[in-house]
K.L.:
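Sharing a structure here in structure tokens format.
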Amino acid sequence: MADGYLSFTNTPWGHWLARTLGLPQPLPLQRYRPGQAGNLLNPVVLAAGPQGRLSGELQRIFAATDTVAAVPARIDAPSTVKVRGLVFDASGLADVPQLDELYRFFHANVRRLSAHGRVLVLGTPPEHCTDLAHAVAQRALEGFVRSLGKELRRAITVQLLYVQPGAETEMDSSVRFFLSRRSAYVCGQVVRIAEPVDFPGDILWDKPLTGRRALVTGACRGIGLAIAQVLAGEGAQVVCLDIPAVEAELQLVAASLGGTALALDITAPEAAERLLAFAGEQGTFDIVVHNAGITQDKTLAKMTEAAWRKVMAVNLEAPLRLSTALLEGQGINPGGRIIGVSSIAGIAGNLGQSNYATSKAGVIGLVQGLAPLAARRQVTINGVAPGFIETQMTAKIPLLLREAGRRMNSLAQGGQPEDVAQAIAWLAHPASGGINGQVVRVCGQSLMGA
Ligand SMILES: NC(=O)c1ccc[n+]([C@@H]2O[C@H](COP(=O)([O-])OP(=O)(O)OC[C@H]3O[C@@H](n4cnc5c(N)ncnc54)[C@H](O)[C@@H]3O)[C@@H](O)[C@H]2O)c1
């Protein structure tokens with residue numbers, strides 16, 4: 001659905017009016033388009049605090065991606081030259097006084113960042129710090145990153161990557177995602193990189209999912225359709241699953257992607273069995289995306305038990321049953337990726353959505369609870385939690401609530417289905433085996449649950 005306010009405030013008259021009235025002035029996001037030259041935003045400034053251990057690996061990634069990374073002689077050296085990314089290795093900041101380095105670098109450089117720029121701070125996970133002062137300084141980075149995300153505006157995004165000691169070479173896919181247009185609607189996120197659960201071998205960075213079989217549930221429209229399209233664009237063979245009632249459209253979607261259609265209600269009692277049989281006949285999966293989901297909103301006192309049960313069955317019971325069946329029945333290959341689709345309603349709760357929020361919080365529980373078992377099979381399981389995404393689901397929301405949903409985030413607009421799809425493609429990447437049991441919000445840093 002078109003965002004009229006976003007279009008209006010980007011006309012000269014609308015811009016003037018919004019500025020005069022002190023209203024939000026969102027910039028249309030610059031998103032990745034296939035075939036676009038270069039992946040990372042260029043140039044960037046790369047700086048490190050004392051004892052930073054990640055700069056060497058970052059330099060290697062920049063060299064491999066032809067990214068110009070200027071390393072200032074002094075972290076607070078003044079410059080007016082515009083850049084598109086600021087990267088700060090804070091992994092060695094060992095106590096509270098050393099956090100001043102963070103202040104000095106960003107205070108000196110933040111005005112250099114152009115609109116649509118990217119900020120990436122890298123740290124050491126506090127739980128992997130051996131002394132208290134280091135752990136405190138590292139934990140403090142979260143507050144800094146989330147504040148900067150709310151402050152910078154102009155479609156600039158800010159994230160924190162905690163890289164476990166020994167996992168320095170595992171941050172490649174995440175650095176590429178967060179410093180590119182693919183992460184346009186992800187802001188204020190904290191991601192932990194650990195030792196990988198698998199051994200991916202050589203990676204084709206141009207089409208990283210080549211030779212991988214991906215299952216996407218609810219692929220007929222909205223976010224699921226975008227996921228299927230993006231995964232196919234990255235080289236995957238996609239199995240598009242949706243309910244039998246939409247089989248004709250599903251066949252068209254699958255054909256347009258050179259994939260296969262699977263008409264199946266994921267809540268059917270025989271769904272797991274049918275999926276395993278399908279995998280046995282046609283090939284086991286490397287990527288499984290549990291996207292299918294429904295809402296049946298009512299305040300709890302007015303909600304029927306049927307509405308409660310239906311939402312629980314589609315959004316939570318089915319992903320739980322299918323994930324365990326695929327893992328136990330060898331329906332997913334080593335090196336595989338399972339990705340659940342939660343929601344910020346599952347993090348913050350939402351009026352009239354007690355069933356939906358319960359189911360989506362349960363998806364987070366599934367991701368966290370199943371991660372150790374999945375890792376033993378060399379599979380990762382992660383989740384995305386979309387905020388307000390422009391689909392048929394959100395088009396049903398009454399006008400005023402819809403407008404509030406769109407504006408109440410750092411980017412002051414709703415996301416597009418492809419924003420969720422790009423985050424899923426990053427988690428599905430063969431080089432993302434160091435990310436497991438995590439949920440990343442795709443919500444423009446929504447105030448809900450922040
Ligand atoms: N749109 C948003 O703003 C938003 C925000 C947060 C989370 N999400 C989540 O993202 C996912 C996709 O949302 P959307 O907006 O694209 O929804 P949508 O309603 O546009 O599409 C959902 C798809 O799932 C399919 N589906 C429903 N029940 C099914 C079943 N039992 N078996 C198989 N397929 C089934 C539908 O037929 C449909 O094609 C959902 O899990 C939703 O909860 C969406």
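Both backbone and side-chain heavy atoms feed into the values below; hydrogens, waters and symmetry mates do not. FYI, the numbering just counts along the sequence from 1. We count ligands from 1, going down the list as the structure has it; atoms in each ligand are counted the same way.
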K.L.:
If you take the nearest heavy atom of each of D265, L262, I227, which one is closest to atom 31 (N) of ligand 1?
P.N.:
D265
K.L.:
In terms of side-chain geometry, is the basic nitrogen of E127 or R192 positioned less than 4.0 Å from the acidic oxygen of its partner?
P.N.:
yes
K.L.:
Answer yes or no: is there an ion pair linking D198 with R337, defined by an N-O contact shorter than 4.0 Å?
P.N.:
yes
K.L.:
Parallel, tilted or perpendicular for F106 and F144, by the 30°/60° rule?
P.N.:
tilted
K.L.:
Between E418 and R182, does any NZ, NE, NH1 or NH2 come within less than 4.0 Å of an OD or OE carboxylate oxygen?
P.N.:
no
K.L.:
Identify, by atom number and element, the atoms of ligand 1 in contact range of V341, meaning under 4.0 Å from any of its heavy atoms.
P.N.:
9 (C), 10 (O), 11 (C)
K.L.:
List every atom of ligand 1 that sits less than 4.0 Å from any heavy atom of M393, numbering the atoms from 1 in the order shown and giving each element.
P.N.:
15 (O), 17 (O), 42 (C), 43 (O), 44 (C)
K.L.:
Do the non-hydrogen side-chain atoms of D242 and T217 ever get within less than 4.5 Å of each other?
P.N.:
no
K.L.:
Any atom of ligand 1 sitting under 4.0 Å from a heavy atom of L225?
P.N.:
no
K.L.:
So for D242, does at least one of its heavy atoms come nearer than 4.0 angstrom to any atom of ligand 1?
P.N.:
yes
K.L.:
Under 4.0 Å from ligand 1, counting heavy atoms only, is it the side chain of E390, its backbone, both or neither?
P.N.:
neither
K.L.:
Taking 4.0 angstrom as the limit, do R402 and E390 come out as a salt bridge?
P.N.:
no
K.L.:
So which of T391, I223, N291, V363 gets nearest to atom 11 (C) of ligand 1, if we judge by its closest heavy atom?
P.N.:
N291
K.L.:
Enumerate the atoms of ligand 1 whose separation from the nearest heavy atom of G222 is less than 4.0 angstrom.
P.N.:
16 (O)
